[in-house]
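Basis for what follows: all heavy atoms, side chains included, without hydrogens, waters or symmetry-related copies. Since the structure is predicted, the reported quantities are computational estimates derived from the model, not experimental observations.
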Amino acid sequence: MIDVLIIGSGGAGLSAALEAKKNGSNVLVVSKTYPTQSQTCQAQGGINGVLTKENSQDSINSHIKDTIKSAHHIGDVDTIKFMCEKANETIQWLDNIGVPFSRDKDNAIAQRKLGGASYPRACFSSDYTGLKILHTLYDNCLKENIEFLNETMLLNFIIEENTIKGITTLDIKTCEVKQILAKSVIVASGGYGAIYEGYTTNSNASTGDAIAAALRANVAISNMEYIQFHPTTLKANSILLSESARGEGGYLVTQDEKRFVDELAPRDVVARAIDEKIKAGNEVFLDLRHLGLEKIKETMPQEYDLALQFGGLKLDFDLIPIKPAAHYTMGGIKTNINCETNIKNLYAVGECSSNGVHGANRLGGNSLLEIVTFGRYVGKIVSEKSRTIQLDEEIKSPQLQLDINFIENIFSSPNEVDFYAIKKDLGALFYSNVGLFRDKQSLDKALEQIEIYRTQKELMGITDKSKIYNTNLKEYIEFLNMLELGDTIVLSALNRCESRGAHYRSDYPNENNEFAKDSVIVKIGNDYKVELV
């Protein structure tokens, strides 16, 4: 019997798995890809934490204030306080299990300043911080003999009497639909940034499958309109150039080599300033030449290699052409401080969740802190609670047969409309109409276009009819999930008639206290109900 079933093998899922296993639970981690391919790798700049250091002016209270300010006052204060107060413990735990943090001259964990922070508090491992944390967590999971089920895609939740009983899955290797029963389920599957295809730092796997499944199961989701755009990605291909580049002293300049914005302002401010320059006909560049090759190679070796490999550019010699791109999604499955959803024994953590810690705009360096802190926390909570749960292992869920039929129908559907072309168009539509600047006209147009795509769904299908490693099938299901989430993003953005954090309405350019609330959306039949609570 599975005590704790975890969907997703990024930093949040692995942290939860380690804590639940340590607490004596039988744990299974289900992943659409493989643990080391998680989006956690893209969190390069650092993990925030106020450490006990002599002569430090920083404080936990300052970290809390910076996070609340960045959240534009719709973050949950208790959740934010909990995360910031636990930060030192989280970082010391990571250090103890083997994360190779960079060190200062006193051999203490080194820290750098990221955007929106009052002091240097981001602990880092060069510019590979997320990658090093992820690999260390995975190594520890292997040591603990935690069981993994990879290349297994979530289809739907099995819910009876408002209680989670398990999930249905697609085995990508065989196309077989299966059910997995468990006492408790933790969703840690990441965000939905891939909807901005061609204009995102996210991998193609970040399609919000679990959030779409939650929507279908009447689980409340929240703040879907808040998508954070990273200010610095390579202009040609949206490859991420980490905030570590600006944290170490990089400049943002136009073609005349003049700076135009505080490089370490909050990400939404910097990204919009860049976008405005580009729309006015300027080119914008990241300038690191003054830092010198030695410092660049020491503090941001990954950025040096990425610029060279994907742009043919040298950070110490060239101005690097950049543009903003979708990077992080603040919306997701609505939870409380204990990661609980409105469904009994169903939890969510990390980028797939909306627990109030980021509000309208995530503070740089807080994503890694959130996933590890709350991952460990929910792992312990769920492990202890699972001891009191009894589960019928003979459940024959109607959802299983529904999903078997769903997959069979896809194989028998026509393929007159190419969904790949529509997915590409969807990415461009969202970047232009649901991007850094929005208004009613652009959002209405996006909603209208999504409905056109939806009417073509009956003519879509797959060309690959094999049952062995059918990635065509997986990608079609991902596309359907993104199409569904597209509606929720646009409707939430239309409903929020103000500008707040990452959500900027050109027709409502100011914050409005009447909207200082969370957007909550639920699906009722084929319609969506959006409200501010």
Side-chain angles (χ1 to χ4, degrees), residues 2 4-17 28-33 35 37-40 148-159 164-172 177-180 182 184-195 202-224 227 328-335 339-343 345-355 370-371 374-375 378-379 382 399 403 406 474-475 477-489 521-523:
I2 298 168
V4 181
L5 173 61
I6 299 171
I7 303 166
S9 56
L14 298 184
S15 297
L28 174 64
V29 180
V30 173
S31 178
K32 185 169 66 172
T33 56
Q37 297 174 6
S38 159
Q39 196 64 27
T40 302
F148 287 84
L149 189 59
N150 299 315
E151 295 186 303
T152 300
M153 183 180 188
L154 169 71
L155 292 176
N156 282 296
F157 297 121
I158 297 171
I159 295 175
I164 190 80
K165 302 294 183 181
I167 62 174
T168 57
T169 64
L170 176 72
D171 185 331
I172 296 170
V177 178
K178 304 174 183 178
Q179 72 173 17
I180 302 174
S184 298
V185 175
I186 301 173
V187 184
S189 56
Y192 47 95
I195 197 169
N202 285 211
S203 77
N204 293 333
S206 298
T207 51
D209 305 321
I211 304 171
L215 197 64
R216 292 189 291 270
N218 300 121
V219 182
I221 64 176
S222 180
N223 291 339
M224 295 295 288
I227 293 103
Y328 188 91
T329 50
M330 274 79 75
I333 300 169
K334 185 171 178 57
T335 74
C339 305
E340 295 170 313
T341 71
N342 59 308
I343 302 296
N345 302 333
L346 176 64
Y347 303 79
V349 65
E351 195 175 354
C352 70
S353 71
S354 180
N355 68 354
E370 179 206 6
I371 62 176
F374 285 97
V378 72
V382 174
Q399 189 64 53
D403 288 333
F406 168 67
K474 175 185 76 74
E475 289 161 359
I477 298 169
E478 289 174 331
F479 167 73
L480 295 179
N481 286 331
M482 287 193 289
L483 204 58
E484 183 152 40
L485 292 182
D487 272 331
T488 70
I489 296 167
I521 188 164
V522 293
K523 190 171 185 180

Is a donor on one side and an acceptor on the other found under 3.5 Å between the side chain of [X] and the backbone of [Y]?
| X | Y | answer |
| --- | --- | --- |
| Asn342 | Asn218 | yes |
| Thr488 | Leu485 | yes |
| Ser15 | Gly11 | yes |
| Asn223 | Ser354 | no |

Salt bridge (Lys or Arg N to Asp or Glu O under 4.0 Å) against Lys165, all qualifying residues, sequence neighbours excluded: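 Residues passing salt bridge (Lys or Arg N to Asp or Glu O under 4.0 Å) with Lys165: none at all.
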Tell me, please, which residues at least two apart from Asp487 pass salt bridge (Lys or Arg N to Asp or Glu O under 4.0 Å).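 Here the qualifying residues are Arg454.
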Quick one: which of Ile186, Leu28, Leu154, Thr169 gives a side-chain contact (heavy atoms from CB on, under 4.5 Å) with Ile7?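 Single side-chain contact (heavy atoms from CB on, under 4.5 Å) partner of Ile7 among Ile186, Leu28, Leu154, Thr169: Leu154.
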Consider side-chain contact (heavy atoms from CB on, under 4.5 Å). Of Ile164, Ile211, Thr341, Val187, which one does Val219 pass it with?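 So, applying the side-chain contact (heavy atoms from CB on, under 4.5 Å) to Val219 and each of Ile164, Ile211, Thr341, Val187, only Thr341 qualifies.
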Could you tell me if the side chain of [Y] sits less than 4.5 Å from the side chain of [X], heavy atoms only?
| X | Y | value |
| --- | --- | --- |
| Tyr192 | Ile227 | yes |
| Ile172 | Met153 | yes |
| Ile180 | Leu5 | yes |
| Thr33 | Glu151 | no |
| Ser38 | Leu14 | no |
| Ile167 | Gln399 | no |
| Leu155 | Ile477 | yes |

Out of curiosity, [X] [atom1] to [Y] [atom2], how far, rounded to the nearest 0.5 Å?
| X | Y | atom1 | atom2 | answer |
| --- | --- | --- | --- | --- |
| Lys334 | Met224 | NZ | CE | 13.5 Å |
| Ile2 | Leu149 | CD1 | CG | 8.5 Å |
| Thr329 | Glu351 | OG1 | CD | 3.5 Å |
| Lys474 | Phe479 | NZ | CZ | 14.5 Å |

How far apart are the C-alpha atoms of Val4 and Tyr347, what are their side-chain angles, what is the distance that settles it, and do they pass the side chain to side chain contact (heavy atoms under 4.5 Å, CB included) test? CA-CA 10 Å; Val4 181; Tyr347 303 79; over 6 Å; no
Answer with yes or no whether the side chains of Thr152 and Asp171 bring together a donor and an acceptor at under 3.5 Å.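 Note: Asp171 and Thr152 side chains miss the donor-acceptor criterion.
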Would you please say whether a donor-acceptor pair under 3.5 Å links the side chains of Gln37 and Ser203?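 The criterion, which ignores hydrogens and geometry beyond distance, is not satisfied for Ser203 and Gln37.
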What is the minimum heavy-atom distance between [X] and [Y], and which atoms define it?
| X | Y | result |
| --- | --- | --- |
| Ser353 | Thr335 | CB-CG2, 4.2 Å |
| Ser31 | Ser9 | OG-OG, 2.9 Å |
| Ile159 | Ala217 | CD1-CB, 3.6 Å |
| Ala212 | Asn481 | CB-OD1, 3.5 Å |
| Val378 | Cys339 | CG2-CB, 3.6 Å |

Go through Ser184 and Asn345 one step at a time and tell me if the side-chain hydrogen bond (donor to acceptor under 3.5 Å, both in side chains) criterion holds. CA-CA 5 Å; Ser184 298; Asn345 302 333; 4.5 Å; no
Non-neighbouring partners of Lys32 that pass side-chain hydrogen bond (donor to acceptor under 3.5 Å, both in side chains), sequence neighbours left out: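 Counting only residues at least two positions away or on another chain, Lys32 forms a side-chain hydrogen bond (donor to acceptor under 3.5 Å, both in side chains) with Thr207, Asp209, Glu478.
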